[in-house]
Protein chains: 2
Amino acid sequence: MTDLCTTNALRLIQVAEDFRAGLSGEFSAVHGISVNEFLLLLHLERATANRLSRVDLAKRMHVSASTITRMAAPMEKIGLVGREVDDRDARLVFVVATSMGREKLSQSLATFSKRASYLFSDRWEDEELEKFSEMLRCMIGGTGDTLA
Amino acid sequence: MTDLCTTNALRLIQVAEDFRAGLSGEFSAVHGISVNEFLLLLHLERATANRLSRVDLAKRMHVSASTITRMAAPMEKIGLVGREVDDRDARLVFVVATSMGREKLSQSLATFSKRASYLFSDRWEDEELEKFSEMLRCMIGGTGDTLA
DNA sequence: GCAAAGTACTTGCATATGAAAGCGATTCGC
DNA sequence: GCGAATCGCTTTCATATGCAAGTACTTTGC
């Protein structure tokens, strides 16, 4: 049923953009970070060894490597992330969250969760949310480097 | 259940971005337009009288009015949209799709639908897709000026 | 009626981002 | 081993976008 799939894809994009737009305002006002900076910290926390190279981050965040370079620089300056070099490969410079970065992530994640639960607020049963979650999980690309 | 909502919101964002990223490549390669230009044309077609003012478009597309001005200019130049002034209010300049614009939308929508049906490809029953669709519909902001 | 406030659009400036080129470092082919 | 190709990162340039100021028009308050 192409038409239903089309409608669903359109709504998916619309809901995601609505949600991100609302989040963006609260994040910059309350936590002083952007949604992308939040997602960067979240990717770090969910990664093995809690660190990622810039190219890995770029792939996971659907942005270019240069964007990661420029996003990480100010975050490093204000102490949210640090860098770790690889003993074996001097080209690799891992981005790693500092304790301040993890604290910032924790606070931001609370805001995120608050808005997420408002988005799904009390409208559906757990069973419905589980089904929804499972469907979304199937739609995520197969690389496995996923946030949720 | 905050945790499940959080997971769902994260997955929602991720799936939407995956989908948009894939679409972006095919759109520019095959149709020579961006995803935002496609959405602009789609908003025009779904609007009453098939036309919208720049501020209306801006609100519906989550972008600023200046972005609409600058998006519409090249689309007007290549003949995808035109402008119509309002008899009553000389400030209003409606954006309206030309026949070429509607043709471009039709072709692009076919690409969109193809990818949408691949995203949901044969994994679920119509009943599940209907449920999914209904849940998304409830999450869309209440303005009613919606694409789907 | 007319000034003040509001509205629709455009433009200037600052920021964010991607593509491509550049630079080191590593790996591959031989 | 050594040159060539590849890889990770940074920088440069071009584009996209938002915000705020500017312009033209309309509505409101009196």
Side-chain angles (χ1 to χ4, degrees), chain A residues 17-18 20-29 32-40 43-44 47 49 51-78 81-96 145, chain B residues 17-18 20-29 32-40 43-44 47 49 51-78 81-96 145:
Chain A
E17 286 181 355
D18 281 354
R20 246 190 110 112
L23 210 58
S24 176
E26 187 164 357
F27 268 14
S28 72
I33 63 174
S34 71
V35 177
N36 269 345
E37 286 169 334
F38 162 75
L39 291 173
L40 189 151
H43 272 289
L44 290 181
R51 65 181 201 177
L52 286 169
S53 72
R54 278 147 167 73
V55 292
D56 263 2
L57 272 170
K59 285 174 193 161
R60 293 179 193 218
M61 295 182 65
H62 286 305
V63 297
S64 67
S66 45
T67 296
I68 299 294
T69 291
R70 283 178 291 220
M71 270 181 58
M75 293 177 76
E76 199 175 330
K77 186 155 268 177
I78 63 177
V81 301
R83 37 176 75 210
E84 281 180 11
V85 295
D86 189 314
D87 298 335
R88 320 274 189 77
D89 191 336
R91 292 171 303 180
L92 282 171
V93 187
F94 291 104
V95 182
V96 55
D145 49 6
Chain B
E17 287 181 354
D18 280 356
R20 244 190 113 111
L23 210 58
S24 176
E26 187 164 356
F27 268 14
S28 72
I33 64 174
S34 70
V35 177
N36 269 346
E37 286 169 335
F38 162 74
L39 290 173
L40 190 151
H43 273 289
L44 290 181
R51 64 180 202 177
L52 286 170
S53 72
R54 279 146 166 72
V55 291
D56 263 4
L57 272 170
K59 286 174 193 159
R60 294 177 193 217
M61 295 183 64
H62 286 303
V63 298
S64 68
S66 46
T67 296
I68 299 294
T69 290
R70 284 179 285 222
M71 268 181 59
M75 292 178 76
E76 199 176 330
K77 186 154 270 179
I78 63 177
V81 301
R83 36 177 76 209
E84 281 181 10
V85 295
D86 190 312
D87 298 335
R88 318 272 190 78
D89 190 337
R91 294 170 302 178
L92 282 170
V93 187
F94 292 103
V95 182
V96 55
D145 49 6

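Letters A, B, ... are given to chains in the order of the sequence lines, protein chains preceding strands, and every chain is numbered from 1.
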Find the distance Leu57(A):CG to dC9(D):C1' and express it as a whole number of Å. 13 Å
Ser28(B): partners by side chain to side chain contact (heavy atoms under 4.5 Å, CB included), with sequence neighbours left out: none
Between Ile33(B) (CD1) and dA16(D) (C1'), how many Å, whole number? 17 Å
Between P on dG18(D) and CD on Glu17(A), what's the gap in Å once rounded to a whole number? 11 Å
I'd like to check the side chain to side chain contact (heavy atoms under 4.5 Å, CB included) partners of Val85(A); sequence neighbours left out, ordered by chain and number. none
Between Asp89(B) and Arg91(B), is there a salt bridge with N-O shorter than 4.0 Å? yes
Which letter, B, S or -, goes with each nucleotide of nucleotides 4-14 of chain C from 5' to 3', with contact meaning a protein heavy atom under 4.0 Å? --BBSSBBBB-
Nearest 0.5 Å please: distance from the CZ atom of Phe94(A) over to the CG atom of Leu44(A). 11.5 Å
Among dG18(D), dT17(C), dC25(D), the nucleotide that comes nearest once only the side chain of Asn36(A) is considered: dT17(C)
Within this structure, what is the CZ-to-P distance between Arg88(A) and dT27(C), rounded to whole angstrom? 10 Å
Take atom CE of Met71(A) and atom C1' of dT15(C), then tell me their distance rounded to the nearest Å. 14 Å
Please state how far atom CZ in Arg51(A) lies from atom P in dG8(D), giving the value in whole angstrom units. 14 Å
From CG of Asp86(A) across to P of dT26(C) the rounded distance in Å is 9 Å
Distance-only donor-acceptor check, side chains Ser66(B) and Thr69(B), under 3.5 Å: no
Residue whose closest nucleotide on DNA chain C lies nearer the 5' end, Thr67(A) versus Asp87(A): Thr67(A)
Before accepting this row, confirm whether a basic side-chain N of the pair Arg60(A)/Glu17(B) lies closer than 4.0 Å to the acidic partner's carboxylate O. no
